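One structure is given here, and the rest of the page talks about it.
Labels below follow one simple rule: chain letters A, B, ... track the order of the sequence lines, proteins then strands, and each chain is numbered from 1. Because the structure is predicted, anything quoted here is derived from the model rather than measured.
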Amino acid sequence: MRYWLMKSEPSAFSIDTLAALPEQTTAWDGVRNYQARNFMRNQMQIGDQVFFYHSCCSTPGIVGIAEVSQLAYPDVTQFDPASKYYDPKATHENPRWFNVEIRLLRKTRLLTLKELRSYPELTNMRILQKGNRLSITPIDPAEWKFIMAKL
DNA sequence: GCCAACGTTGGC
DNA sequence: GCCAACGTTGGC
């Protein structure tokens, strides 16, 4: 089993949006970055654990724990001309973009980016590196354990 | 709103 | 295959 961190902008889709859904499950669609896609398509397994992270907000940080509840399948928004995630180069025969589904396990306190930066144990985290923009990043098991103990 | 960093596109 | 231009991300 692997561990991940997945970013979402709360103005678009927050932890509370997820919590309010009937099954507390959502398709992680709209990812248009090849590295992030490859993580979902090639590596994510059902049961993988996920930190849900709020980015692009006044206080970015980890706000919840989720798990992968469905393996990757073609992202339906790439075929929808009305969607802002529409990709004219994608076809049903040869889809470009994939998404997993995740289910909320629980909300947590807000563990801020600032606090993450304060722990020497976490200095190698991808999300703390300068210039990092990747919306899905793997988390080291030791880092996962360390963060869990702080939540 | 600013700006640095990064990814993607497209001309050559 | 290179690289400049452009668009996007995301912290501050």
Side-chain angles (χ1 to χ4, degrees), chain A residues 2-21 25-44 48-68 71-140 142-144 146-151:
Chain A
R2 294 175 195 255
Y3 304 100
W4 308 93
L5 183 143
M6 297 168 84
K7 293 183 196 170
S8 185
E9 297 186 23
S11 61
F13 189 90
S14 75
I15 190 84
D16 290 321
T17 313
L18 180 58
L21 294 173
T25 297
T26 189
W28 205 257
D29 58 17
V31 171
R32 294 295 179 266
N33 170 282
Y34 289 104
Q35 258 185 288
R37 177 204 68 179
N38 291 345
F39 284 141
M40 287 198 284
R41 190 186 60 180
N42 305 345
Q43 296 192 26
M44 283 194 186
D48 279 7
Q49 305 287 290
V50 176
F51 287 133
F52 193 108
Y53 178 95
H54 280 171
S55 66
C56 281
C57 50
S58 57
T59 316
I62 292 170
V63 291
I65 301 165
E67 67 177 0
V68 175
L71 292 176
Y73 56 86
D75 179 338
V76 295
T77 63
Q78 71 192 306
F79 307 124
D80 177 7
S83 169
K84 71 171 185 171
Y85 299 118
Y86 177 62
D87 184 344
K89 292 180 180 167
T91 64
H92 283 87
E93 296 71 35
N94 193 15
R96 260 193 187 193
W97 307 110
F98 291 76
N99 64 264
V100 296
E101 291 184 7
I102 65 164
R103 176 167 49 233
L104 180 66
L105 293 178
R106 65 179 175 96
K107 289 174 62 173
T108 64
R109 73 180 179 96
L110 170 62
L111 202 176
T112 65
L113 177 61
K114 190 177 172 189
E115 183 179 344
L116 289 172
R117 286 196 196 285
S118 75
Y119 299 121
E121 292 87 343
L122 302 179
T123 46
N124 289 330
M125 277 182 76
R126 189 90 177 251
I127 196 164
L128 302 183
Q129 308 310 309
K130 188 175 181 179
N132 170 73
R133 296 187 319 178
L134 200 53
S135 64
I136 298 176
T137 49
I139 300 285
D140 204 78
E143 292 165 349
W144 177 273
F146 181 87
I147 293 169
M148 285 298 280
K150 302 288 180 189
L151 290 172

Is [X] reaching over with its side chain to a backbone N or O of [Y], donor-acceptor style, under 3.5 angstrom?
| X | Y | result |
| --- | --- | --- |
| Lys107(A) | Val63(A) | no |
| Thr137(A) | Ile127(A) | no |
| His54(A) | Leu110(A) | no |

- Stretch residues 72-87 of chain A: residues that reach within less than 4.0 Å of DNA chain C through a heavy atom: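 Nothing qualifies; none.
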
- Message: Quick one, Gln78(A) with Arg96(A), criterion side-chain hydrogen bond (donor to acceptor under 3.5 Å, both in side chains). Give me CA distance, side-chain angles, the key distance, then yes/no.
- Response: CA-CA 8 Å; Gln78(A) 71 192 306; Arg96(A) 260 193 187 193; over 6 Å; no

- Name every residue in residues 10-19 of chain A that has at least one heavy atom under 4.0 Å from any atom of DNA chain B, in order of residue number, or write none if there are no such residues.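 Heavy-atom contacts with DNA chain B come from no residue of residues 10-19 of chain A; none.
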
- Task: Evaluate the criterion side-chain hydrogen bond (donor to acceptor under 3.5 Å, both in side chains) for residue pair Asp16(A) and Ser14(A); output intermediate values, then yes/no.
- Result: CA-CA 5 Å; Asp16(A) 290 321; Ser14(A) 75; 4.7 Å; no

- State which residues pass salt bridge (charged side-chain N to carboxylate O under 4.0 Å, His left out) with Arg41(A); sequence neighbours excluded, sorted by chain then number.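 Applying salt bridge (charged side-chain N to carboxylate O under 4.0 Å, His left out) to Arg41(A) gives none.
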
- Message: On a heavy-atom basis, which atom in Arg2(A) and which in Asp48(A) lie closest, and how many Å separate them?
- Response: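 Where Arg2(A) meets Asp48(A) most closely, the heavy atoms are N-OD1, 3.1 Å.
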
- What pairs with Phe39(A) under ring-ring contact (aromatic ring centres under 6.0 Å, His included), at least two apart in sequence or on another chain?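 Here the qualifying residues are Trp4(A).
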
- Message: Counting primed atoms plus P, OP1 and OP2 as sugar-phosphate and everything else as base, spell out the protein contacts along nucleotides 1-11 of chain B at 4.0 Å heavy-atom distance: B, S or - for each nucleotide, 5' to 3'.
- Response: ----BBSS-S-

- Query: How long is the gap from CG on Leu116(A) to CD on Glu121(A), to the nearest 0.5 Å?
  - Reply: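 With rounding to 0.5 Å, CG (Leu116(A)) is 11.5 Å from CD (Glu121(A)).
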
- Which of these, Asp75(A), Asp87(A), Asp29(A), sits in a side-chain hydrogen bond (donor to acceptor under 3.5 Å, both in side chains) with Trp97(A)?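 It is Asp87(A); the other options fail the test.
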
- Query: Is any side-chain N of the basic residue among Glu115(A) and Arg109(A) closer than 4.0 Å to the acidic one's carboxylate O?
  - Reply: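 Here Glu115(A) pairs with Arg109(A) in a salt bridge, since their nearest N and O are under 4.0 Å apart.
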
- Quick one: do Thr77(A) and Arg32(A) satisfy side-chain hydrogen bond (donor to acceptor under 3.5 Å, both in side chains)? Show the steps, please. CA-CA 11 Å; Thr77(A) 63; Arg32(A) 294 295 179 266; 2.9 Å; yes

- Task: Work out how much the helix from dG1(B)-dC12(C) to dC12(B)-dG1(C) bends between its end axes, five pairs an end, to the nearest 10 degrees.
- Result: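 Roughly 10°, once rounded to the nearest ten degrees.
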
